Structure formats: C-alpha cells, structure tokens
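Worksheet for the structure shown next.
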Amino acid sequence: MFALIDGNNFYVSCERLFRPDLLTRPVVVLSNNDGCLISRSNEIKALGVPMAAPLFQVQDLLVKHNTQIFSSNFALYGDISARFMEILASLAPRVEVYSIDEAFMDFSGISDPATLAQQIRQQVADWIGIPTCIGIGPTKTLAKVANHLAKKNSAYHGVCILDDLYQIDQVLRTFAIEDIWGVGQRIEARLKALGINTAYELKRLNPKWMRQNFTVVGERLVYELNGISCLSLEPEAQARQSIQVSRSFSRSLTRFEEIREAVASYATRLAEKLRLHRLKTNTLVVSVCANRFQVRNRQYYNSILINLPTALNDDAGLIQAAVQGLEAIFRAGFDYQKAGIMALDLMPITLAQLTLFDPPEGRNAKAQEISRALDKINQRYGRGTVHMAACGPKLSWKDRKSRKSPAYTTSWHQLPKVYAK
DNA sequence: TCTGGGGTCCTAGGACCC
DNA sequence: TCTGGGGTCCTAGGACCC
C-alpha cells in the first residue's frame with residue numbers, strides 16, 4: 001500500500017504559521033514577479049478563483065474580500081518543507097519526497113493504516129503547524145485519488161483509505177478524469193472526445209489499446225487504476241539532470257545590453273545553485289522570448305545549446321558562455337519579456353574531467369577561488385551583495401516582489417520577535 | 001499596465017557506426 | 001533496374017507534474 005501526504009494550501013499555510021491573525025482571513029501567495037496566484041486559502045478557492053490566475057484579473061475580488069496577498073518566499077517554504085520531511089522520515093518506514101509539499105510513504109504491512117496516518121498528521125500539526133491530508137491506496141495513482149477525496153470531503157477527517165475493490169469502483173465512477181494524476185489538458189480532451197469522462201471508464205479500457213494510442217504513459221494509467229502498481233516508491237533522491245534559472249522581466253526589454261545584464265545575473269544564480277549541489281555543468285541552454293501575451297506584437301522565441309570545453313560552475317565562466325549564446329540568438333526589434341539559462345549534463349565536482357593541457361588543479365582554479373569568496377560574502381550579507389560587473393549596476397529589469405514576508409526561520413536578522421507580558 | 005518557475009519522462013526521427 | 005540490417009546516441013518536441 002502507498003500513502004500520499006501533502007500540505008493543504010502549503011505556501012499559504014507556511015505564511016500563516018507566523019501570522020496567526022491570518023488563520024481566519026483569505027490569503028494568497030503570488031508567483032515570481034507578483035504575476036499569478038500559486039497558492040490559495042480555502043476562502044479563495046471557494047470564490048472560484050482558479051490556480052495560476054493572473055493577479056490583475058482577480059485583484060479587485062481579492063481586495064473586496066480583505067485578502068492578505070504575499071509575494072513568494074521560497075526560503076521560508078523550503079525550510080518548513082525540510083522540517084516536514086524530517087518528521088515523516090521518523091514515522092514512516094520508507095519515504096519518497098515527491099515535491100516541496102508532498103511525499104509518498106510505504107504503508108505495506110501496516111496493520112492499522114488509519115491510526116498511523118492520523119498519528120502522522122497530528123505530529124506534523126503539533127511540531128510545525130501545517131495542516132495535511134493523507135490518501136492511501138494499492139498504487140500511487142489510487143493513493144493520489146484517495147488524497148484528493150480526503151481534501152475535498154471533510155467527512156474523511158483528513159485520511160481516506162481505498163483498499164476494497166468494490167469501494168474503489170464506486171469512487172472512480174464519480175471521479176473526473178481531469179483530476180487523475182497524469183491526465184493533463186491534452187489527454188483530457190482526447191479522452192473526452194472518445195466519450196471517456198470518469199476514472200472508472202478509463203480503468204475499463206484495454207491497456208494495449210491505451211499503449212498504442214496514448215503511449216506507455218496511458219497504459220500505466222489504466223493498470224494503476226486497476227490496482228496493479230507500475231510506479232514504485234523511490235526513496236533515494238535521483239541525481240539531478242538539469243538546473244535552470246529563468247525569469248520574466250519586470251518590464252519588457254529591447255536593448256541587448258539590458259538583456260545581457262539579466263542573462264549574466266541568471267548565470268550567476270545558476271552558478272550558485274551548481275556550487276550548492278557540488279555539481280558542474282558541461283552544457284548550457286540559453287533562451288529568450290518576446291511577450292507571448294502581446295499577440296499584436298511580433299513573436300520571437302529562440303534558444304541555443306552551448307557545449308562547454310570543460311565542466312564549469314564559476315560565475316565568470318558561465319557568464320561568458322551564456323553571453324556568447326545570447327549574442328547568437330538575440331535579434332533587434334522585439335519586446336523581450338523573459339530569458340532563461342539551463343545547465344544540462346551535470347556531474348559531481350569530484351568527477352569533472354580536465355582537458356589534456358590543463359594544470360592538475362584545473363584551468364580555472366583562480367575562478368573557483370573567486371567563486372568561493374563570493375559565496376562566503378553573499379551567504380553572510382545576503383544574495384547579490386557582490387557580483388560580477390557583467391550583471392550591471394542597477395538591476396532595473398529585476399523582478400517585483402513587493403509583498404514578501406520575512407525569512408522568519410532562515411535569517412538571523414528576520415527572526416520573529418516575541419513579547420512576553 | 002499587469003499573465004510563474006523549475007522540473008521529469010516519452011517518442012520520433014536523424015546521424016552515425018559496423 | 002537492382003541499393004542491408006541492426007544498433008546507439010542525440011535532439012527536438014510534446015506532455016505532464018507541483
């Protein structure tokens with residue numbers, strides 16, 4: 001049996017931890033650049049505001065309902081997530097961290113899964129204050145279904161167990177295909193065109209036919225809904241395959257020099273992430289695009305793949321390569337909205353291959369010393385305190401983040417103050 | 001005016017090898 | 001006129017997830 005636990009409205013719940021006054025008020029958390037809603041409290045969901053709604057479209061409604069609006073604070077959410085996963089690891093035999101707020105747990109051979117599940121929820125609530133739901137089923141997909149039910153129906157008291165074949169069929173008959181894990185917009189549309197509207201109807205399809213028409217992904221969906229597990233629990237974190245940094249600009253940019261500063265800054269952030277994970281990259285992809293919502297403007301998207309002569313993770317080397325890539329794909333005359341840089345072909349720093357003519361300590365030993373010094377200063381005084389000149393002096397394209405809460409748990413300067421009377 | 005960011009997996013097709 | 005078969009690797013594009 002698989003159990004899936006996730007935090008309810010996770011980012012909103014994190015924000016409420018240090019603002020108990022918000023427990024009874026509507027709350028939303030915005031995406032980077034304060035563009036879209038990426039977490040909504042139950043009050044907002046009840047208003048029918050969808051996930052990823054652009055802020056400008058719903059702002060009046062939010063204000064009317066006295067909503068507290070936050071910019072995203074990933075330092076906070078990541079820290080709370082780490083504590084959450086630590087608790088799970090201490091209570092469940094095997095845990096797979098699936099996302100920042102979700103984990104699968106191995107419930108095989110558990111004699112009383114309902115009691116264990118409630119214990120886990122209670123411990124998480126007591127120790128870090130995040131409300132959760134747990135779904136339990138014979139496959140990951142059915143555990144996801146159960147979790148969905150536990151969230152939507154308070155009669156489950158946060159824990160839904162699907163372990164009886166008749167009961168599972170009953171549930172699937174009224175379960176919409178678009179709510180199934182792995183069914184996105186495309187597959188939903190194609191299945192509905194074929195008259196398949198419920199999870200039960202999908203479950204009854206021929207797996208071989210599904211493979212022919214919907215690839216192995218569709219075949220696995222059918223098996224998983226039938227209680228035949230195709231997706232196993234994977235407790236060991238897999239090695240990362242890519243790391244990327246991409247951002248929209250706060251306003252559209254047209255000049256090469258401005259975009260170059262943005263790309264240099266993203267390369268800097270990418271280098272920091274690589275060093276944090278003790279990785280180097282052999283391959284970069286740099287991309288730019290015009291504002292796709294300005295349908296009247298000329299559209300442009302382009303990207304370029306750059307094979308590096310030697311694996312890198314230092315600021316200067318990545319900036320140089322990224323800017324060269326940008327020069328190749330930049331075209332004058334467009335309103336650029338976004339740029340990105342991605343590192344592929346990652347390898348641990350201990351394995352990085354030198355070229356034949358490099359000195360034993362590596363050609364860029366000096367660059368690495370500089371990077372180490374930058375990391376030390378920026379860790380101590382805040383990200384971006386010092387950076388390469390290529391990133392520019394003003395950062396005028398930088399994203400907006402006007403409603404960010406303090407880094408309550410990860411910065412000494414921003415610890416919450418408690419007054420005792 | 002204002003529309004997120006960071007990931008994974010699968011497949012088809014081309015290039016190349018012997 | 002007739003023009004192999006089997007395999008790997010790489011890449012782009014599509015689809016999905018949170």
Side-chain angles (χ1 to χ4, degrees), chain A residues 4 6-11 28-40 49-60 62 69-72 74 77-78 81 96-104 140-141 144 147-148 177-191 210-221 230-231 234 237-252 266 269-270 273 277 282-283 285 287 289-295 297 301-307 335 337-346 399-402:
Chain A
L4 175 70
D6 75 346
N8 302 345
N9 317 331
F10 185 69
Y11 299 161
V28 299
V29 175
L30 304 177
S31 65
N32 250 330
N33 229 6
D34 290 352
C36 295
L37 278 56
I38 56 171
S39 185
R40 304 154 293 156
V49 176
M51 181 65 175
L55 175 62
F56 75 93
Q57 286 178 2
V58 295
Q59 185 143 26
D60 291 348
L62 299 186
I69 302 173
F70 286 105
S71 301
S72 46
F74 285 103
Y77 314 147
S81 172
E96 174 188 339
V97 176
Y98 178 66
S99 74
I100 194 167
D101 75 324
E102 267 178 276
F104 288 101
K140 279 184 167 179
T141 304
K144 274 273 193 183
N147 179 278
H148 187 92
I177 47 166
E178 61 266 32
D179 292 333
I180 299 170
W181 186 46
V183 176
Q185 286 182 6
R186 306 299 175 111
I187 292 178
E188 175 194 355
R190 288 180 59 202
L191 286 171
M210 276 299 284
R211 186 179 189 118
Q212 281 162 15
N213 292 277
F214 291 84
T215 79
V216 67
V217 178
E219 183 187 26
R220 283 200 292 242
L221 259 178
C230 302
L231 305 168
E234 286 171 19
Q238 303 295 309
R240 290 249 230 157
Q241 311 211 359
S242 66
I243 295 180
Q244 58 176 307
V245 176
S246 69
R247 297 265 186 290
S248 298
F249 312 128
S250 57
R251 56 186 172 83
S252 56
Y266 300 172
R269 181 73 192 114
L270 183 69
K273 285 188 179 184
H277 292 98
N282 288 294
T283 308
V285 176
S287 62
C289 71
N291 190 337
R292 64 186 198 282
F293 294 102
Q294 299 288 324
V295 286
N297 288 4
Y301 170 86
N302 207 349
S303 67
I304 185 169
L305 188 138
I306 303 153
N307 288 308
D335 283 342
Q337 179 217 8
K338 183 176 179 177
I341 173 169
M342 178 165 25
L344 303 171
D345 201 359
L346 307 178
D399 56 351
R400 289 184 297 265
K401 232 173 204 187
S402 56

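What you see is a predicted model; the values in this text were computed from it and never measured. Letters go in sequence order (proteins before strands), and every chain restarts at 1.
Residue contacts shown for A/Q185 are limited to sugar-phosphate atoms, with no base heavy atom under 4.0 Å away. Nucleic acid contact for A/E102: sugar-phosphate only, since backbone atoms but no base atoms lie under 4.0 Å from a heavy atom of the residue. Looking at heavy-atom distances under 4.0 Å, A/L55 makes no contact with the nucleic acid at all. Using a 4.0 Å heavy-atom cutoff across all strands shown, A/E219 reaches no nucleic acid atom at all. A/I100 comes within 4.0 angstrom of no nucleic acid atom, judged by non-hydrogen atoms across all strands. Among the heavy atoms of the strands lying under 4.0 Å from A/I187 are primed sugar atoms or P, OP1, OP2 only; no base atom is included.
Phosphate contact (OP1/OP2 of B/dG5, side-chain N/O of A/S248, threshold under 4.0 Å): present. Between A/R186 and the phosphate of C/dG14, there is no side-chain N or O to OP1/OP2 separation shorter than 4.0 Å. Side-chain nitrogen and oxygen atoms of A/K144 include at least one within less than 4.0 Å of the OP1 or OP2 phosphate oxygen of C/dC18.
Comparing A/D34 and A/S246 along DNA chain B, the residue whose closest nucleotide (by nearest heavy atom) sits nearer the 5' end is A/D34. For A/V245 and A/C36, each mapped to the nucleotide of DNA chain B holding its nearest heavy atom, the one lying further toward the 5' end belongs to A/C36.
In this structure, A/K338 forms no cation-pi arrangement with A/F249, as its terminal cationic atom is not both closer than 6.0 Å to the ring centre and no more than 45° off the ring axis.
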